[in-house]
Amino acid sequence: MSNRRQIIAGNWKMHKDNGEARDYAAKFLELVGEITELDMVICAPFTALSVLKDELEESVVHLGAQNMFWTGEGAYTGEISPRMLTDMACTYVIIGHSERREILHETDEMIAKKVKAALNAGLKPILCVGENLNQREDGRALATVRGQVERDLPDLSPEELRRVVIAYEPIWAIGTGRTASSADAQEMCAGIRSTVAGIAGVVAEEIPILYGGSVKEGNIQELMAETDIDGALVGGASLDAEGFARLVRNALG
Ligand code: 13P
């Protein structure tokens, strides 16, 4: 636990139509709509943003997207610009999720451009980094993640870096039910913070670092108790409004 602002973000991935999103938002607000001790974020599919913008307006729950393109407008069929997201009242955007790196072949070069573009548009990027099982077993987990942080956050001013959120998501823990132990997650998040300190000095102390990978109601408290873990990026356990509300309450301790 640190004195940095804590964040619990749900990543719905490719789930929920507009009716489901509307019902979820109403129920979630009823359950946690008065919580201000930490920041709650729902990162929804693009198609649900308009409905959620209306439902979450003036609430304590922030809205985020799961991806975006790096230029303002143009001939980029199928892409969504940063301004389209701010127009939907998004304040956060996930960048470089491992599913996009692996399935859609997003490179660090593309991810770095997206981080910069998100910051230019006034969005807070949630940059995802994490090693796969081979890299962990070969003892290369920290080196992998350090490399990603260095390649994905080049040439940013301290003011820009202050608005970045980093999510450490070991690929072997995503959707597998296998969570990193809180000690391992702490070690990796501390390594990420020291990498950021190498780029940006003391600003690293201000950056929220989240853990993601099979986070549930039952393990959130233990993870949040670690010094360098400032919250969580939650996939499967964010899909049920009541369960996610309980997870948020457990995060409060
Ligand atoms: P799970 O919580 O389903 O393991 O997903 C983690 C994740 O990828 C969040 O971005």
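Indexing begins at 1, ligand by ligand and atom by atom, following the structure's order. The structure displayed is predicted, hence computed values, not measured ones.
- Formation of a donor-acceptor pair under 3.5 Å by the T179 side chain with backbone atoms of S214 is found in this model.
- Counting protein heavy atoms only, atom 5 (O) of ligand 1 is closest to K13 NZ, 3.3 Å.
- Ligand 1 lies nowhere less than 4.0 angstrom from a heavy atom belonging to A237.
- Residue E99 has no N or O atom closer than 3.5 Å to an N or O atom of ligand 1.
- Heavy-atom contacts from other residues, nucleotides or ligands closer than 6.0 Å to CZ of R83 number 12 or fewer.
- Here K124 contributes atom NZ and H62 contributes atom NE2; the two are 6.5 Å apart, rounded to the nearest 0.5 Å.
- For G175, the heavy-atom gap to ligand 1 drops under 4.0 angstrom.
- Shortest contact from atom 3 (O) of ligand 1 to any protein heavy atom: G236 N, 2.8 Å.
- Salt-bridge formation is detected for the pair D108/R101: a Lys NZ or Arg NE/NH1/NH2 atom is positioned less than 4.0 Å from an Asp or Glu carboxylate oxygen.
- Not a single heavy atom of K216 sits under 4.0 Å from any atom of ligand 1.
- Residue, atom and distance of the protein heavy atom nearest to atom 7 (C) of ligand 1 are E169 OE2, 3.2 Å.
- Within the 4.0 Å heavy-atom shell around ligand 1 one finds A173.
- Test H97, K114, E99 against N67 for side chain to side chain donor-acceptor pair (under 3.5 Å) and you get one pass: K114.
- Shown in contact with I174 at under 4.0 Å from a heavy atom are these atoms of ligand 1, numbered in order with element: 4 (O), 5 (O), 6 (C), 8 (O).
- With ligand atoms numbered from 1 in the order given, ligand 1 contributes 4 (O), 6 (C) to contacts under 4.0 Å with heavy atoms of G213.
- The nearest protein atom to atom 2 (O) of ligand 1, hydrogens excluded, is given as G235 N, 2.9 Å; this is a heavy-atom distance.
- Taking every heavy atom of L233 and a limit of under 4.0 angstrom, the matching atoms of ligand 1 come to 9 (C), 10 (O).
- When all heavy atoms of L63 and A89 are compared, the closest pair comes out as CB-O, 3.9 Å.
- In terms of N/O distances under 3.5 Å, ligand 1 is approached by S214.
- Applying salt bridge (charged side-chain N to carboxylate O under 4.0 Å, His left out) to E206 and the options R163, R193, R5, R162 leaves one that passes, R162.
- Listed by atom number, the atoms of ligand 1 under 4.0 Å from N11 heavy atoms are 9 (C), 10 (O).
- The two residues L123 and C90 make their nearest non-hydrogen contact at CD2-O, 3.3 Å.
- A salt bridge does not link R249 with E217: none of the charged nitrogens is closer than 4.0 Å to a carboxylate oxygen.
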